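Here's the structure, in structure tokens; my notes come after.
The shown structure was predicted, so the numbers you read here are calculated from the model rather than taken from an experiment.
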Amino acid sequence: MSDLLERLRERGWRLTAQRRVVAEVLNGDHVHLTADEVHARAADRLPEISRATVYNTLGELVSLGEIIEVSTDGRAKRYDPNAHRPHHHLVCSRCGTIRDVRPGGNPLDDLPAGERFGFTVSDVEVTYRGVCPKCAAA
């Protein structure tokens, strides 16, 4: 489970009612919501929260490195609170469902030195694509 709220408290990030509700909406495992989904869920808890506040809060959290922007296949950006746990994504090519996966091994080991072109590689993003069970059954 994501520990976003705890990380924000430890950082001393000022948790206004609006920021807190955005963080609460994002808290959890396998959470990959669009900004509009975050706004809708936040508005259920705090009706006066504006779309601009949600977008600004998401931008701040990305800048702080507390959430990750995930883009897949030109769809709307999604926000992942598991920024401090190395993982990859499994994406349904039909409905866009995203799940966090943590396969064994180090993906950097799969890139031969000759294919690094002199780069010092610091991070790897892997996206597995397929069809989720719900779409496969349809």
Shared ILVMFWY cluster between [X] and [Y], side chains joined below 4.5 angstrom?
{"X": "V22", "Y": "L15", "value": "yes"}
{"X": "W13", "Y": "L58", "value": "yes"}
{"X": "V91", "Y": "Y128", "value": "no"}
{"X": "L64", "Y": "Y55", "value": "no"}

(request) List the steps, then state whether side-chain contact (heavy atoms from CB on, under 4.5 Å) holds for L5 with E24. (result) CA-CA 7 Å; L5 282 167; E24 287 173 352; 3.6 Å; yes
(request) Begin with the C-alpha distance, continue with both residues' side-chain angles, and end with the deciding distance and a verdict on side-chain contact (heavy atoms from CB on, under 4.5 Å) for Y79 and L33. (result) CA-CA 5 Å; Y79 296 89; L33 301 173; 5.8 Å; no
Below 4.5 Å, heavy atoms only, C-beta onward: do [X] and [Y] meet side chain to side chain?
{"X": "H88", "Y": "T127", "result": "no"}
{"X": "D3", "Y": "R85", "result": "yes"}
{"X": "V31", "Y": "D100", "result": "no"}

(message) Is it true that, when you exclude E48 itself, more than 12 heavy atoms of the residues, nucleotides or ligands shown sit nearer than 6.0 Å to its CD?
(response) yes
(message) Would you say that more than 12 heavy atoms from the other residues, nucleotides or ligands in this model lie under 6.0 Å from the CZ of R102, or not?
(response) yes
(request) Applying side-chain contact (heavy atoms from CB on, under 4.5 Å), run through V101 and V126 and close with a yes or a no. (result) CA-CA 10 Å; V101 294; V126 176; over 6 Å; no
Check: [X] side chain, [Y] main-chain N or O, donor-acceptor pair, under 3.5 Å:
{"X": "N27", "Y": "L4", "answer": "yes"}
{"X": "N56", "Y": "A52", "answer": "yes"}
{"X": "R7", "Y": "E66", "answer": "yes"}
{"X": "T53", "Y": "I49", "answer": "no"}

(request) Using the side-chain contact (heavy atoms from CB on, under 4.5 Å) rule, take V70 and K77 through it: C-alpha gap first, then chi angles, then the decisive distance, then the call. (result) CA-CA 6 Å; V70 178; K77 290 179 186 171; over 6 Å; no
Please name the pair of heavy atoms, one in [X] and one in [Y], separated by the smallest distance, quoted to 0.1 Å.
{"X": "A83", "Y": "I68", "result": "CA-CD1, 3.5 Å"}
{"X": "C92", "Y": "C95", "result": "SG-N, 3.5 Å"}
{"X": "V131", "Y": "C135", "result": "CG1-CB, 3.7 Å"}
{"X": "A23", "Y": "L8", "result": "CB-CD1, 3.8 Å"}

[X] side, atom [atom1]; [Y] side, atom [atom2] - distance, nearest 0.5 Å:
{"X": "I98", "Y": "C132", "atom1": "CD1", "atom2": "SG", "value": "12.0 Å"}
{"X": "Q18", "Y": "L46", "atom1": "CD", "atom2": "CG", "value": "5.5 Å"}
{"X": "I67", "Y": "H84", "atom1": "CD1", "atom2": "NE2", "value": "10.5 Å"}

(request) Could you list all the salt bridge (charged side-chain N to carboxylate O under 4.0 Å, His left out) pairs where at least one residue sits in residues 30-40, not counting sequence neighbours? (result) D36-R51, E37-R78
(message) Looking at R19 and E60, is there a salt bridge between them, counting it only when a charged N and a carboxylate O are closer than 4.0 Å?
(response) yes
(message) Checking H32 now: which residues fulfil ring pair (Phe, Tyr, Trp, His ring centres under 6.0 Å) with it, not counting sequence neighbours?
(response) H89
